[in-house]
Amino acid sequence: MPLDPAFLQYPMRRHGMDHDRYDWSMLVDRPAVRWPEGKTLALWINVSLQHFPMNPAGQPVKLPGSMTMPYPDLRHYTLRDYGNRVGVWRLLDALDRYRCRPTFAVNAVLADRYPYLTAALRERGHEILGHSWSMDTPHAGGLAADAERELVRRSLDRLEQAFGHGPRGWLSPGKLESAQTPDLLQAAGIRYFCDWVNDELPYRFHTAGGDLWAIPLSTEIEDRFVVMDNQHSEASWARQVMDAADFLLAESIRQGGRILSLSLHPWVMGQPHRIKHVEAVLDYLGSLPGVWQAEAGEILDAFVAQASP
Amino acid sequence: MKEDTGYYDYWPYRDRPRITWPNGARLAFWVAPNIEFYELDPPRNPQRTPWPHPYPAVPGYSIRDYGNRVGHARQMTLLDKYGIRGSISLSTALITHHPEIIAQCRERDWEFFTHGIYNTRYTYGMSEAQERDMIAESMDAIEQAVGRRPAGYLAPALSHSETTIDLFAELGGIYTCDLFHDDQPTPVRVRNGRRFVSIPYSLELNDTIVYVVNKIEPRRYGQIIKDAFDRLYAEGANSGTVMCLPTHNYQVSCPHRMKAFEEALEYITGHADVWITTGREIAEYYLAHHHDAAMADINLKLSGS
C-alpha cells in the first residue's frame, strides 16, 4: 500500500520558513553590529539554577538531567542538588575572580526551597531569567494552554516576589516549548527568550500579541551537553570554548559584532575536578581585548538600540 | 526482504586494475555539504519519526535552521579559501525556501546533486511510483534552478527502498552516494543495465555521524580526517583512491568546530597529488576511463581466478 498522498504534497514550500514565527535571514547578510567600548565579541554567561524533583511526573516529556533510576533515585537527586548547595558558590567565586557578570536562569521553586541562595543573588544584583517552576515542568507539545499559562504566571510571580522585579528574559527547561509557549511568554510581559538555537544574534520572533526578541543560547557548547551528553573531558570543553572564542572574534572583526553564549550548570561545572577548567576559560576570555562581557539583557539592549524598527 | 543489496559483486581491494586520476593525482578529494531543509511539522511517516520531541520540536528544528542562517556562509568561506568547490547534497525544497543560498553556490560553480525534497520526507513506505515521482521532481527542481540535471543521489535522511538506486538510474542519474562498501568508485548493477557507479561518500568521516552519533571531540575529528587522508594518499600511489568529507552546516560550522575543520582542509590541500574535485567529475571520469576495465576484472574475480 502506498503512502498517503499527503506525504508527497508540500503545502509550506515557499520562500522563507515553513512557519510564521520569524523571518528568514542569513547572519552574514545583516548590518554589522557594534558593541560598547569598541568591542566586537559579546560574552554572555548563563548559569542555570535548577531543581530536579526526585518524584518527577515526566509529562509530557522527561527533561535532560532528570531522574533515571527506580524511585527513590538518591544518586541523581543529590548530585543535581549538589549544584545548589556547593557548586554554585564555587562557581560564583570563580566568576568573581575574573570579574564576570553572569545571568541566572532560575527555576522559581528555588525561591521556596533555598531562600538563602535567591536572597544572595538578589543582593548581588544579577539579572534573573525565568526558567519555569522546576525541571519537572516542561513546556512541551501536549501541555494544555491553560495549565501552561498558569505555570508561566506562577513562575514569574514567584521570581518577582523573591527578586523585587519580574524577569525580562526566559529560558524554557531543556529549551522545549509547546506551540503556544512564545505567545504565553509575550502575554506575561516577557521581552526576550533564549530557546531557539537557530542564530547567533537576536532576532524578532512573532507571537499572537506582538514580537518577542529571541537571543539564542547555544546548546552545542553548553557544559552539560559537551561533558555529560557527549562525554568529552572538561579540558576538551575548555578547548572547544577557546576555539569558539578565537573563531568568533576573528569573524566579528571582519563582519560585525558576534555573541559567544556560554551556558553553565553548577551541578556539572561546580564539581571540584571541573572548576579549574571553567577558570581557565574565564581567564582566557578575559585576556582577549575584543571581548565585552555583559548580561543577556544588556546585550539585547545594545542590539535593539542599533536595530531597524 | 533480501539478504544482500544486489547492487554489486564481491570485489577484493587488492590487485584491481590501476586507477589513474587527472594530472597524476593519487587521490580524488571532494567535499559534500548537505544543504537541507527539515520541516517543523512534516506529515508522519509510518516507519520513522522525524523528531524526538512532540510538535514543535524546537531543539532539533532550530539547530538545523542554524545551519542555513549561520553555518552555510561559514563553510562556504572556508571552501573558497582552500579552492574547493562543494558538491551539494540538496533538499530541493530549499531552492524555494532559501534561493539566496542556491545563488551563492551557483556563482561558485558548485555541483548540485539531489537529496530528495525535504529531509523530513522518508522513502519508507512509498510505492515505486511515488518514489519515482519524488526523485524525478527533485531532479526537475535542480535542473530548473541551475540549468543542469543532477548526476548524483543521496536518498533523503538515508532512507531507501530496495529499488531506490534502480529508479535513480532510470531517471538518468549516473552515481550514488548511498553505498559505503569501498574506498574507490565501483560499478553498480542497476535494473536498466546502464553504466552506473558508486562514488565513495563516507559515513565514518561524515560530521553528523562523528559529532552526533559518535560524539567525537572537534580536534579529534580533525585528526581523523588527516589520518584517513594519509592512508588513502599513500595507497593512491598504487591505484587512485577517493576521499569525501560529507558535512552539515549545523554541525561542522559551529564556532568551536571550525578550527579543527580548517586545519584538516589546509593539510589535505597542502599536498601536491590531490585532485580537488566534485562527485560528478569523479563519476564521469571513472565511467570514461575505468568502468569497463573494472567490470572485466570483477567478472574475472567472480570466477575465483
Side-chain angles (χ1 to χ4, degrees), chain A residues 1-10 12-19 21 24-29 60-61 140-142 172 174-179 181 195-200 203 216 218-221 226 229-233 236 239-248 251 258 260, chain B residues 37-46 52-59 61-70 72-74 77 93 96-101 117-118 121-122 124-130 133-134 137 211 215-220 250-251 254-260 262:
Chain A
M1 197 175 76
L3 288 180
D4 185 313
F7 200 80
L8 285 92
Q9 291 161 5
Y10 313 100
M12 298 303 281
R13 184 164 53 177
R14 60 184 189 183
H15 184 256
M17 306 312 299
D18 60 336
H19 57 78
R21 284 300 197 176
W24 154 244
S25 130
M26 292 174 78
L27 176 66
V28 72
D29 291 337
V61 295
S172 296
K175 298 192 180 110
L176 295 184
E177 293 183 359
S178 74
T181 302
D195 299 337
W196 291 63
V197 293
N198 58 338
D199 213 303
E200 288 180 0
Y203 65 91
S218 172
T219 300
E220 296 289 321
I221 196 67
V226 172
D229 285 1
N230 289 345
Q231 303 203 330
H232 298 174
S233 70
S236 174
R239 172 50 56 199
Q240 293 175 46
V241 175
M242 294 180 203
D243 284 353
D246 290 346
F247 179 84
L248 288 172
E251 187 176 274
R258 292 286 182 268
L260 174 59
Chain B
F37 201 102
Y38 287 76
E39 298 161 285
L40 185 59
D41 194 15
R44 187 55 51 94
N45 182 284
H53 298 113
Y55 173 86
V58 173
Y61 179 88
S62 64
I63 189 63
R64 284 162 181 80
D65 184 31
Y66 172 96
N68 295 324
R69 289 170 77 90
V70 179
H72 166 70
R74 265 186 200 150
T77 300
T96 310
H97 286 292
H98 303 330
E100 300 84 358
I101 289 178
I117 294 174
Y118 282 107
R121 303 283 181 129
Y122 307 121
Y124 308 122
M126 285 186 187
S127 68
E128 191 169 308
Q130 285 178 324
D133 287 349
M134 182 273 287
E137 183 177 339
Y211 286 131
K215 303 186 185 308
I216 280 172
E217 296 167 10
R219 290 196 173 201
R220 188 174 159 222
Y250 69 95
Q251 289 295 330
C254 288
H256 57 297
R257 297 180 179 134
M258 286 292 281
K259 185 174 199 159
E262 171 158 14

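Reminder, nothing fancy here: chain letters follow the sequence lines and each chain counts from 1.
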Between B:R257 and A:E220, is there a salt bridge with N-O shorter than 4.0 Å?
yes

Basic-acidic side-chain contact under 4.0 Å: B:K215, A:D229
no

Go through the steps to decide whether B:N68 and A:M26 satisfy the test side chain to side chain contact (heavy atoms under 4.5 Å, CB included), and finish with yes or no.
CA-CA 7 Å; B:N68 295 324; A:M26 292 174 78; over 6 Å; no

Less than 4.5 Å to any heavy atom of chain B: does that hold for the side chain of A:H19, its backbone, both, or neither?
side chain

Looking only at B:A260, B:G125, B:A129, the option with the highest number of non-hydrogen pairs under 4.5 Å against chain A is B:G125

Could you tell me which portion of B:Q251 (side chain, backbone, both or neither) has an atom closer than 4.5 angstrom to a non-hydrogen atom of chain A?
side chain

Please flag which part of B:R44 lies under 4.5 Å from any non-hydrogen atom of chain A: side chain, backbone, both or neither.
backbone

Is there a side-chain contact between A:D199 and B:V70, using heavy atoms and a 4.5 Å cut-off?
yes

If we only count heavy atoms from C-beta on, is the A:V61 to B:P52 side-chain gap below 4.5 Å?
no

Using the ring of each side chain (for Trp, its six-membered ring), is A:Y10 parallel, tilted or perpendicular to B:Y118, with breaks at 30° and 60°?
tilted

Polar side chain donor-acceptor pair, A:D18 to B:Y38, under 3.5 angstrom
no

Measure distances from A:A179 to the heavy atoms of chain B and classify the residue's part below 4.5 Å as side chain, backbone, both or neither.
both

Pick from B:E100, B:H72, B:H53 with the largest number of heavy-atom pairs that fall under 4.5 Å of chain A:
B:E100

Chain A shares the most heavy-atom pairs under 4.5 Å, among B:I216, B:T77, B:D133, B:D41, with B:I216

Name the region of A:M17, side chain, backbone, both or neither, that has any atom closer than 4.5 Å to a heavy atom of chain B.
both

How long is the straight-line distance from SG of B:C254 back to CD1 of A:I221, given to the nearest 0.5 Å?
8.5 Å

Working note: A:W24 + B:H98, criterion ring-ring contact (aromatic ring centres under 6.0 Å, His included); need CA distance, chi angles, decisive distance, verdict.
CA-CA 8 Å; A:W24 154 244; B:H98 303 330; 3.4 Å; yes

Partner chain A: residue of B:Y250, B:Y211, B:Y124, B:F37 with the largest heavy-atom pair count (under 4.5 Å):
B:F37

Heavy-atom contact with chain B under 4.5 Å, split by part of A:S172
neither

Honestly, the part of A:Q231 sitting under 4.5 Å from a heavy atom of chain B is neither

Can you tell which part of B:I117 gets under 4.5 Å to a heavy atom of chain A, answering side chain, backbone, both or neither?
side chain

Is any NZ, NE, NH1 or NH2 atom of the basic residue among A:D243 and B:R219 found under 4.0 Å from an Asp or Glu carboxylate oxygen of the other?
yes

Heavy-atom contact with chain B under 4.5 Å, split by part of A:V197:
both

With sequence neighbours left out, what residues match A:R21 under salt bridge (Lys or Arg N to Asp or Glu O under 4.0 Å)?
A:D183

State plainly whether the residues B:E217 and A:R239 are in salt-bridge range, i.e. N to O under 4.0 Å.
no

Pairwise side-chain contact, A:V241 with B:H256, heavy-atom cut-off 4.5 Å (strictly under):
no

Examine B:R69 relative to A:Y203 and say whether NZ or CZ is less than 6.0 Å from the centre of the six-membered ring and inside a 45° cone about the ring axis.
yes

Just wondering, do A:L176 and B:P59 contact through their side chains at under 4.5 Å, heavy atoms?
yes

Between B:P218 and A:H232 the two heavy atoms that sit nearest each other are CD-CE1, 4.4 Å

B:Y61 side chain near A:W196 side chain, heavy-atom distance below 4.5 Å
yes

Below 4.0 angstrom, N of the basic side chain to O of the carboxylate: do A:R13 and B:E39 qualify?
no

What distance separates A:F7 CZ from B:M126 CE, expressed to the nearest 0.5 Å?
5.5 Å

One option among B:N45, B:L40, B:I101, B:V58 has the most heavy-atom pairs under 4.5 Å with chain A, and it is B:V58

Note, A:H15 side chain near B:T96 side chain (heavy atom, < 4.5 Å):
no

